[in-house]
Amino acid sequence: MTGLYTRWALILGVTLLLAILTYQHYQQHLSTMSMGTLLSSPPVTQPVRIQGMVKSGTLQGDVEHGQATFEFVDGEASLAVEYQGPPLENIRELKTLVLIGRWDSQAQIFRAQDTALINNFGFVAAAYLISVMALGWMVFAMSQRVMVLFKEIKESKLYEPEADSLGHKE
Amino acid sequence: MINRIIRQIQRYKGWFGGGAALCIFVGLYIGLLASPPDYYQGELVRIMYVHVPLAHTSTLAYSVLFFGSIWYLWKRDPLVDNMCQASASICALFTSLALITGSIWAKPTWNTWWTWDPRLVSFTVLLLILGGYIMLRRLVDDRVQGGRYAAILAIVGGIDLPIIKFSVEWWRTLHQPMSFSTRGVSISEDILVPLTLMSIGCWLLFAYMVMVRTQILYLTDLLHAKKGRFLSQTHFSQTTP
């Protein structure tokens with residue numbers, strides 16, 4: 001039984017390591033910051049991702065050549081955005097999108113360099129968790145059952161050779 | 001002959017388990033961290049690396065059940081019967097997981113958890129057939145008779161396999177056409193590597209699980225038989241003057 005649990009501890013350890021790496025990757029490259037947090041927290045130097053909606057009647061500039069200014073709103077909070085980057089294919093007023101850029105606290109402008117798709121990482125996490133946990137649990141339960149059966153057979157001494165009618169063992 | 005092959009393969013069970021763990025861990029790492037997001041679907045494409053291998057493995061598992069059932073009806077080999085029983089329960093697990101992960105993927109991409117799509121319906125029919133198979137095995141007391149009826153059901157249910165495979169060609173469907181065909185491979189390398197690794201990992205895992213489950217069924221039978229003999233001997237020695 002010890003060998004079984006050691007093996008499974010190793011598998012669990014590798015799985016946890018992968019989960020931690022994935023979570024870190026998500027925090028660094030995928031998670032978005034709310035506008036309220038961006039405005040209230042001290043200025044951050046690294047690029048951040050914010051999610052919001054282009055306010056109606058504020059979109060100006062040459063969108064097809066990747067230059068635009070607009071108001072970006074998220075509930076109560078709103079901020080001015082100056083976009084300079086790849087051409088924006090689907091941008092329009094009232095469009096929800098994720099902007100990648102830096103907050104210029106002196107000019108009070110969010111300088112965006114790129115856009116990203118709105119990530120639904122919850123769905124990805126749910127699909128992986130359900131599959132890995134169900135399969136892992138099934139394999140573990142089966143391996144444990146084999147061990148229990150072997151132990152049961154061994155302990156009940158059912159493997160002992162049986163004596164025939166003359167008393168000779170098989 | 002098949003009996004000998006199964007016994008030979010059983011000796012390398014650990015290799016299958018180890019290979020499955022390695023492929024799945026490397027596949028998970030590439031699928032979750034190293035591969036790029038899709039242009040249209042973004043991060044959601046990562047669900048494919050778990051959904052598609054699960055679906056492939058469930059059809060593979062049913063194929064094992066199908067051919068095993070034919071062999072059992074022909075040769076009446078109890079080891080093959082055990083293997084079929086093991087394949088059915090594991091196939092049910094893989095089919096359920098494929099349907100659940102597909103549903104999770106469908107919600108953000110198709111905006112619905114379920115739709116009457118030919119492939120979804122044919123896959124659900126597969127799960128119902130497997131449910132029937134498992135119930136039949138439990139309900140019929142006579143093991144040999146139960147095995148025979150279940151084998152017939154599995155063979156008849158085999159008609160669902162080509163329907164699942166070609167549903168995307170025969171009917172209008174939300175699923176994409178076949179990616180591997182005589183026309184070539186229509187998947188980018190970035191996606192193909194984690195998908196292939198996860199698929200191989202799931203196939204090896206299925207093989208490992210079938211071996212362990214077959215072993216459980218064999219050991220349970222052995223225990224029951226030995227206990228039965230032990231009890232009958234005890235009973236005999238107690239009742240005989």
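Throughout, a chain's letter reflects where its sequence line sits, starting with A, and its residues are numbered from 1.
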Task: Among B/K107, B/Q215, B/E43, residue most engaged with chain A (heavy-atom pairs, under 4.5 Å) - done: B/E43
- [ ] Would you list the pairs meeting side-chain hydrogen bond (donor to acceptor under 3.5 Å, both in side chains) in which at least one residue belongs to residues 83-98 of chain B, sequence neighbours left out?
- [x] B/S89-B/R213
TODO: Give a yes or no on whether A/H25 atom NE2 has more than 12 heavy-atom contacts from other residues, nucleotides or ligands under 6.0 Å away.
DONE: yes
Enumerate, atom names and distances included, each donor-acceptor pair closer than 3.5 Å involving a side-chain atom of residues 127-138 of chain A, sequence neighbours excluded.
residue: A/Y128; atom: OH; partner: B/R46; partner atom: O; Å: 2.6
residue: A/S131; atom: OG; partner: A/A127; partner atom: O; Å: 2.8

Task: Residues of residues 21-35 of chain B within contact distance of chain A, non-hydrogen under 4.5 Å - done: B/F25, B/L28, B/Y29, B/L32, B/L33
Task: Residue B/Y49 versus chain A: region with a heavy atom under 4.5 Å - done: both
Task: Inter- and intrachain pairs under salt bridge (charged side-chain N to carboxylate O under 4.0 Å, His left out), touching residues 188-210 of chain B, at least two apart - done: none
TODO: Select, from A/L18, A/L21, A/V139, the one with the greatest count of heavy-atom pairs under 4.5 Å involving chain B.
DONE: A/L18
Task: Atom pair CG/CD of B/L219 and A/E152 - distance to nearest 0.5 Å - done: 10.5 Å
TODO: Select one option (side chain, backbone, both, neither) describing which atoms of B/L54 are under 4.5 Å from chain A's heavy atoms.
DONE: side chain
- [ ] Would you indicate whether B/W15, at its atom CH2, is surrounded by more than 12 heavy atoms from other residues, nucleotides or ligands within a distance under 6.0 Å?
- [x] no
- [ ] Please state whether the side chain, the backbone, both or neither of B/L44 comes within less than 4.5 Å of a heavy atom of chain A.
- [x] both
Task: Residue part contacting chain B, namely of A/F123, when any heavy atom lies under 4.5 Å - done: both
